[in-house]
Amino acid sequence: MAHDPWQEVEAEAQRLVAAAEDARKLPRTPPRFEEPPEGMGDLAVPTFAYAKAARKAPPEIARELAGAMPASPWFPKVEAAGGYVNFHINAAKLADATLRAVAERGDDYGFLPPNGKRLLLEHTSVNPTGPLHVGRARNSLIGDALARLLRMGGYEVTTEFLVNDIGRQMVLLAWGVEHVPESELEPPERDRDDYRLTRNYQAANARTEADPTLNRQIESMIYRLEHGDATLTQEIHGIAERILAGIRATLARLDIHFDSFFWESDLILGGKIEPVKERMLALPQVGEEGGSYFIDLAPYGVQGRNTKWFFVRKDGTSLYPTRDIAYHLDKFARCDEAIVVLGENHRLESTQLRIALKLLNARKDVEPVFYSYVSLPEGKMSMRKGVAVFVDDLIDEAVARAHTEVSKRREDLSEDRKRAIAEFVGVGALRYNIARVQAEKKITFRWDEALNFEGDSAPFLQYAHARACGILAKAGTAAKADPSALTQPAEVRLVKVLARLPSVVADCAANRRVHPLAAYAYALAVQFQRFYEDCPVLTADEPVRSARLAVVAATRTALGNALRGLGLAAPEEM
RNA sequence: GGACGGGUGGCCUAGCUUGGAUAGGGCAGCGGUCUCCUAAGCCGCAGGUCCCGGGUUCAAAUCCCGGCCCGUCCGCCA
């Protein structure tokens, strides 16, 4: 475990506790280490749990346990304090282990060894009917950060965007493109196909609402599409491709890119739907109602007004569930684990899908990661009502505000340099604001909060990284570091944070959560800033200078990797 | 009606899976701090019924039960 210093520390403490338990004839209790209050050590083991069996007071047990603890080079001091046994760590040894781990792993410090698993992560998957708006972008931001995090966690990750190019919405879009002339449309907000074509989509929506007879046209188009009409499929595919190009351009600005695009129409053209439909129809759980088919999910824990999950229409065409199942079976053949990022409104649907996959004896399950929607102070975002914030506008605003800040703070820089900094600061602020919060929290979008550049924000983290780089750039080559030269509280505390990165990554990857990594990166930046105030590096005498330089270098690596894991730029100056 | 998610100082948020020592942070507010590696920083002050009520426990923000509030879903739509 040379790559994970903190793991090494806990393993050693665990060994000591077990030995002490045996010596005192206490039952082996897998210790859950806690962090004691400041100044009371580094690891704490509560002894309350032993009290009943031992029939002794916790403080007494703590004293006995502490006394029975074998000597260890890791913990020069183990003491009882109330009902706790507190371990004081050997700071020099931890520094040595941490700096060695960073040296051994190099730029990969914090990356876990490859676990050999192919993980398919689906995210974003918006219907290509218009530009990306802020509500949906949370999906992309969470998905992309998760992909980066899981790569750090040792997975071989493929990100995939499911392009829906066969639904009613897409037919409507195609109809709008064909039947609504440019002369009847307002000028587009931006000169790009996603902005241009979404006007046709909105117009088509408005017209079908006003004139229900149009629905027959639309329905016949849907029918043709679902029966593999190659010409129509091609046409819609082409339109979707143009809008998707716009969406991809927006995402690219956020540094979000996909490894794979899966076109839903390929399921139909590839004949993947029919076999799945047949397999489903053969299930004993299937019911029939007026020529249509469903699975009653009530026995599987689904409750509500209607537990019937229809997958075949009375005209024999497949419904979305069938295609979703076919898609997932296809996914499963291409990976070892499948994750999909979904909005909270898809919770039930996801449960239904997973039950169906199980009934079909699918070889894998799909793991959903849910997030709540982003609303505006004035209420819900809605494309149809035009109450939405486009991601492009959000990015522009973020970058503009960042540019104002950079100009204020760095008059010495060239305009090109300021623009470059403004770009990663603005985009970083946006990304971090989503990444730092638990996905299940609903968010009310406020400009001032989304574009905060101080305190717990991306620029703060980036600034810490830039400062570390600044010191290293001026330092020249350093002598070999002697970890025992690190004795100041600020530098010792920084080392302790540095030691934790691999454990944090492991925890995040296992739980499929990115926000603890954000919290870690912030804690690391905070500790580095304090170190920066308290511990001069370049002007220090040897051997302190070299030791501190090694800590700064380790910080650059660890913080840089944490930043990149969150999808944020790790700048050398700002 | 049912299911699921959230509810932590004025605002935002961590901690909840695995119960433990004064509930961590940030923003906004107030006060300090640039002859010294970038002040997007650092230091300090102030601010809390952890939604409410029961229960379990030596110990509950955390677990259990019952409410309340907010959100989401329960289409032969996708």
Side-chain angles (χ1 to χ4, degrees), chain A residues 30 32 34 36-37 40 44 46-49 51-52 57-58 81-84 86 127 164 166-170 222 264 289-294 297 301-315 317 319-321 323-324 343-349 351-352 370-373 375 380 402 405-406 408-410 412 425 429 433 436-444 446 448-449 452-464 466-468 470-475 511 515-516 518-519 522-523 525-526 529-530 532-540 548 552 573-574:
Chain A
R32 297 183 319 283
E34 295 169 27
M40 299 186 70
T47 59
F48 304 92
K52 195 162 274 180
Y84 295 84
N86 292 335
N127 291 336
N164 171 5
I166 57 175
R168 179 187 165 83
Q169 291 184 78
M170 294 310 293
I222 294 173
E264 214 172 330
E289 198 174 278
S292 57
Y293 293 88
F294 64 88
L297 297 172
V302 174
Q303 285 159 300
R305 290 194 187 97
N306 188 2
T307 58
K308 289 175 185 167
W309 195 51
F310 285 91
F311 62 96
V312 175
R313 287 193 184 92
K314 63 171 173 258
D315 66 1
T317 57
L319 280 150
Y320 181 74
R323 295 200 294 277
D324 208 13
E344 61 176 342
N345 55 334
H346 290 102
R347 282 191 125 103
L348 177 60
E349 165 198 323
T351 304
Q352 293 168 329
F370 295 107
Y371 65 95
S372 296
Y373 276 128
S375 59
K380 270 205 269 187
E405 291 299 317
V406 184
K408 220 186 303 178
R409 298 165 202 268
R410 298 297 303 271
D412 57 309
V425 165
N433 241 282
R436 61 186 267 268
V437 181
Q438 196 188 333
E440 297 88 346
K441 289 255 189 189
K442 55 192 165 200
I443 290 180
T444 304
R446 294 187 184 87
D448 289 347
E449 283 172 15
N452 170 33
F453 294 159
E454 279 163 16
D456 188 4
S457 68
F460 175 86
L461 311 189
Q462 293 171 322
Y463 185 59
R467 276 183 148 181
I471 293 172
L472 293 170
K474 290 180 185 165
N511 292 306
H515 71 273
Y522 176 64
V526 165
Q529 300 278 27
R530 290 180 183 152
Y532 187 96
E533 299 288 332
D534 292 359
C535 306
V537 177
L538 300 178
T539 56
R548 286 183 178 167
V552 175
E573 87 168 337
M574 65 183 276

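Below, chain A is the first sequence line, B the second, and so on; all start at residue 1. What you see below is based on every heavy atom in this structure, not just the backbone, and it leaves out hydrogens, waters and symmetry mates.
- When the P atom of B:C11 is taken as reference, atom CG of A:N452 falls 17 Å away, rounded to whole Å.
- When heavy atoms are screened at a 4.0 angstrom cut-off, A:Y522 is found touching the sugar-phosphate backbone but no base atom.
- The separation of B:U13 from B:C74, taken at their P atoms, amounts to 26 Å, rounded to a whole angstrom.
- Inter-residue side-chain proximity for A:Y371 and A:I443 is flagged as unmet; no heavy-atom pair is nearer than 4.5 Å.
- Shown here for A:F370 and A:G343, the closest heavy-atom pair between the two residues is CD2-O, 3.8 Å.
- Remark: B:A40 base-pairs with no nucleotide in the shown strands. Criterion, Watson-Crick or G-U wobble with two distances under 3.5 Å.
- Whole-Å rounding puts the A:F370 CZ to B:A3 P distance at 17 Å.
- Across all strands shown, B:A59 forms no Watson-Crick or G-U wobble pair with both distances under 3.5 Å.
- Atom P of nucleotide B:A40 and atom CD of A:E573 are separated by 13 Å, given to the nearest angstrom.
- Both A:P58 and A:V406 sit near RNA chain B, but only A:V406 has its closest nucleotide nearer the 5' end.
- The shortest side-chain heavy-atom distance between A:R436 and A:Y522 does not fall under the 4.5 Å cut-off.
- Distance A:R32 CZ to B:A59 P: 16 Å, rounded to the nearest Å.
- Of the listed nucleotides (B:G15, B:U13, B:C42), B:U13 has the atom at the smallest distance from the side chain of A:K441.
- Across all strands shown, A:M574 has heavy atoms under 4.0 Å from base atoms, whether or not it also approaches the sugar-phosphate.
- Heavy atoms of A:E533 sit under 4.0 angstrom from at least one base atom.
- Within 4.0 Å (heavy atoms only), A:A464 reaches no atom of the nucleic acid at all.
- Applying the 90° criterion around 0 to the glycosidic angle, B:C70 comes out anti.
- Here the side chains of A:V425 and A:M574 are in contact, with some heavy-atom distance below 4.5 Å.
- Counting non-hydrogen atoms under 4.0 angstrom, A:D412 reaches nothing in the nucleic acid.
- Residue A:K408 is out of contact with every strand shown, counting any heavy-atom pair closer than 4.0 Å.
- A:F311 places none of its side-chain heavy atoms less than 4.5 Å from the side chain of A:Q352.
- Taken from OG in A:S292 to CZ in A:R313, the straight-line distance is 10.5 Å, to the nearest 0.5 Å.
- Under the Watson-Crick or G-U wobble criterion, with both distances below 3.5 Å, B:G71 is paired with B:C4.
- Between B:C63 and B:G19, the two C1' atoms lie 7 Å apart (nearest whole Å).
- B:U35: no Watson-Crick or G-U partner with both key distances under 3.5 Å is found in any strand.
- Among the protein residues, A:V552 comes within range of no part of the nucleic acid, since none of its heavy atoms lies under 4.0 Å from any strand.
- Looking at heavy-atom distances under 4.0 Å, A:Y463 makes contact with a base.
- B:G47 and B:G10: their C1' atoms are spaced 9 Å apart (whole Å).
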Item to check | Nucleotide-resolved protein contact map, nucleotides 64-78 of chain B, B/S/- at heavy-atom distance under 4.0 Å | outcome: ------BSSSBSBSB
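- Across all strands shown, B:G29 pairs with B:C45; the Watson-Crick or G-U wobble distances both stay below 3.5 Å.
- Between A:E344 and A:K442 the shortest side-chain heavy-atom distance does not fall below 4.5 Å.
- For A:Q438 and B:U13, the shortest distance from a side-chain N or O to OP1 or OP2 is not below 4.0 Å.
- Of all non-hydrogen atoms in A:T539 and A:P536, the two that sit nearest each other are OG1-CB, 3.4 Å.
- When rounded to the nearest whole Å, the span between NE2 of A:H515 and C1' of B:G24 equals 14 Å.
- The nucleotide whose nearest atom lies closest to any side-chain atom of A:R436 is, among B:U13, B:G6, B:U17, B:U13.
- Neither OP1 nor OP2 of B:A40 sits under 4.0 Å from any side-chain N or O of A:R467.
- In this structure, A:R530 reaches the sugar-phosphate backbone alone: every heavy-atom distance under 4.0 Å involves primed, P, OP1 or OP2 atoms, never a base.
- Between B:A21, B:G6, B:G26, one nucleotide has an atom nearer to the side chain of A:A81 than all others, and that is B:A21.
- Computed from coordinates, the A:N433 CG to B:C27 P distance equals 13 Å when rounded to whole Å.
- Pairing for B:C76 is absent, judged as Watson-Crick or G-U wobble with the two contacts each under 3.5 Å.
- When both distances must be under 3.5 Å, the Watson-Crick or G-U wobble mate of B:A21 does not exist.
- Using a 4.0 Å heavy-atom distance criterion, A:A466 is classed as a base contact.
- The pair A:E533-A:R530 does not count as a salt bridge, with every side-chain nitrogen at least 4.0 angstrom from each carboxylate oxygen.
- The pairing partner recorded for B:G9 is none, the criterion being a Watson-Crick or G-U wobble arrangement whose two distances lie under 3.5 angstrom.
- One can place CD of A:E454 at 10 Å from C1' of B:G41, the figure rounded to the nearest angstrom.
- Looking at A:R548 and A:I471, their side chains never come closer than 4.5 Å, going by heavy atoms from C-beta outward.
- When each of A:R409 and A:A49 is assigned the nucleotide of RNA chain B with its nearest heavy atom, A:A49 is the one assigned upstream, toward the 5' end.
- Nucleotides B:G2 and B:C11 have their P atoms positioned 31 Å apart, rounded to a whole Å.
- Distance A:D534 CG to B:G41 P: 16 Å, rounded to the nearest Å.
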